[in-house]
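Heads up, the thing below is written out as structure tokens.
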Amino acid sequence: MKILIANPQQLISTLAMAILAFTTIFITLTIIFYARITLELSEGFIGVLLSSAGIGNIVGIFLINKFKNLNWVLLMSFLLIISGIGILMITATNAFIMMCLGMAVFDCALSTRELRQMNS
């Protein structure tokens, strides 16, 4: 704990990773309940919806190299907006394909943020 407090960059990075981890878990669980209770999707469709997040994660891993030289504050702000758009795509429609696309966009942006934090 002493080392964490002594190094401000490490403290900020650790806090950012904790927030990102919480966001990922919270949104994913919320989407599962939203899909099952509100939209009454079957377990199979919920599985496909969550698999869309995996596809977005893979795309995010490939895209991270494009953002290596970008200012991290600008990048984090941009990716926060992108992940918010993904969440809006999920909640603003009842079209399953659009929800899958929104889940992929959300997780792509989130995984790119996490990878950027690990590489800084």
Are [Y] and [X] linked, directly or through intermediate hydrophobic residues, by side-chain heavy-atom contacts shorter than 4.5 Å (ILVMFWY only)?
| X | Y | value |
| --- | --- | --- |
| V48 | L29 | yes |
| L39 | I37 | no |
| L88 | V105 | no |
| I46 | F26 | yes |
| L63 | I85 | yes |

Would a distance-only check, ignoring hydrogens and angles, find a side-chain to backbone donor-acceptor pair under 3.5 Å from T93 to M89? no

- Does the T28 side chain pair with the main chain of I25, one donor and one acceptor, at a distance under 3.5 Å? no

Do you know which two heavy atoms are closest between [X] and [Y], and how far apart they sit?
| X | Y | value |
| --- | --- | --- |
| G54 | D107 | N-OD2, 4.4 Å |
| A109 | S83 | CB-N, 3.7 Å |
| F96 | L49 | CZ-N, 4.1 Å |
| Y34 | I90 | CE2-O, 4.0 Å |
| R36 | S42 | NH1-CA, 4.1 Å |

Look up atom [atom1] in [X] and atom [atom2] in [Y], then write down how far apart they are to the nearest 0.5 Å.
| X | Y | atom1 | atom2 | value |
| --- | --- | --- | --- | --- |
| M103 | I87 | CE | CD1 | 9.0 Å |
| N57 | F62 | CG | CZ | 11.0 Å |
| I27 | T91 | CD1 | OG1 | 9.0 Å |
| C108 | I55 | SG | CD1 | 11.5 Å |

side-chain contact (heavy atoms from CB on, under 4.5 Å) for M99 and F45? Distances and angles first, verdict last. CA-CA 11 Å; M99 290 176 65; F45 281 115; over 6 Å; no

